[in-house]
Amino acid sequence: MGRRRSKPKAYATIQSVQEDVTGSRTLVVITFSNGNKFRLLVDCGMYQGSVEEYAKNGSLGFINAELIDAVLLTHAHVDHSGQIPLLYANGANCNVYMSQDTKRICIPLLENTCQIFAQDNNPMYNENDLNRAIHAFETIEYDEWVELKNLMNMPSGVSVKFIRNEHIPGAASICVQVSPENEESFRLMFSGDYNMSNAFSNRITTMPEDIKKNPIAFFMMEATYGRKTKKNMVVGKFENDVEKYIGMGKSIIVTAFANMRMQNCLYLLRQMQDKGTLSTDIPIYIDGGMGEALTNIWPILNTVDIKDFLPQNFHRASTDKKKLIDSEGQFILVTTSGMGNFGPSKEYLSMAISKDNMVIYFSGYVSNESTARRIIDAKLGDILDVNGAIKEKRAISDYTEEMSAHARAEDLQSFIEQFHCIRTLVWNHGSNTSKLAMKERSDKMENVDVSTINDGKIAFKVDKDGLVKEFTIVSIPVEKSISKQPKRAPKRNKKCKTTRRNKRATGY
Ligand SMILES: [Zn+2]
Ligand SMILES: [Zn+2]
């Protein structure tokens, strides 16, 4: 009699309605053979960029907050963390797991977001919701398996390992291991935002052997820069530009994201001072509540190795913004928000745009509908609307993308290639063209059985052998949100051959 393989019973459904980069949130519902469910939410971020994107905030969509057993936070960027308090405004009763540094960064960041909301007529969440959320923050050490408890405070059969990732300080890629009783365990992996290295770290992102060697049933991987290659990467532009514009007698307003970009700009200015390419006579100012708060805590973060990064002749800008803009002497100001739509940069840009002794410099990603985009696209002499001020553009504008915190296509590819066996790979967090560009690469990989993209409309059902079905998401909540008919029959190519493993996974 042939050996009959018992059918695996435990499975997971994974769904994320994220279509592009912002608004990261992925619901994972693990169903055990006895019918018990464990509901995990990986990240709960805000939509950002255009007005249309921003309008999607304030709703949890397919997520029933009361049913969530645990939230896993990959890192502190607002587009991954900014809606966590909304879960508590909607009755969540679970822990939010994150690394220590993510907690340190996330608290001031959410407090700041909450303060901004407080000015709204109909705020998304209030201080009470925020406090309840912060109370639920649990820190997890990197590289240690932690078994999660369910809402009844019972062991869940679901364990997680946070793996340090150099995207920003505190960032993690997360491995989820499902260990049903008397069944083979399986793993799900969530890259979070990924970068190999960053300016403040002496390390490169390194996956533990155990994570690389064991098969991964489902892998959700970011693809932000799936179409950008390292070949086309400009390095050193910021320093060259600062030297050039200061040499021309201009003052420079650098807009930067509060979390890491502002600190990165300051560190580059410091390095220029150390090299002698920037005179310490030029005062350097910062302006932006959250940016300042994060700059202050930066040296105490465990994952920041470069603690001494502030330039000389460094000051907090006075509250009189006009006085600084009208001042005679040269200066450099680093201010938030990065795209010029919000915060102090909104005011500075509307004043500086008509001054021919100014350079407006954008230090990162610029979305199509942003103030930054309009300024970059305008020619000198054009009349344009800068945050409500109709002015002639007389200031020079310039930008660099070199400080991006996301890996380029080749690095995304080699990150995936280091795993021995990925049953289902889903490219997420990027434009469709970026995700498809990465899928084209992963389709050729020997270690990947099935690769696909998340277009925000599909839910994936996986078991220990990988993809079982793809479903079209039709309504909420998740258990009822998937149509009866599979959209596509799964193809289990089994390209990656792994030896049959023991019934239970190796100890952790
Ligand atoms: Zn991020
Ligand atoms: Zn992100």
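Note that ligands are numbered from 1 as they come in the structure, with each ligand's atoms numbered from 1 the same way.
Tyr348 meets the ring pair (Phe, Tyr, Trp, His ring centres under 6.0 Å) test with no other residue; sequence neighbours excluded. Residues passing the side-chain contact (heavy atoms from CB on, under 4.5 Å) test with Ser404 are Tyr225, His406, Arg408, sequence neighbours excluded. With sequence neighbours left out, the side-chain contact (heavy atoms from CB on, under 4.5 Å) criterion links Asp274 to Arg270.
A donor-acceptor contact shorter than 3.5 Å links the side chain of Asn341 to the backbone of Thr371.
Taking the six-membered ring where tryptophan is involved, the planes of Phe419 and Phe219 are perpendicular, since the angle between them exceeds 60° and thus also 30°.
Checked against a 6.0 Å centroid threshold, the rings of Phe162 and Tyr97 do not count as neighbours.
Taking a cut-off of 2.8 Å, the protein N, O or S atoms nearer than that to the Zn ion (ligand 1) are His75 NE2, His77 ND1, His167 NE2, Asp193 OD2.
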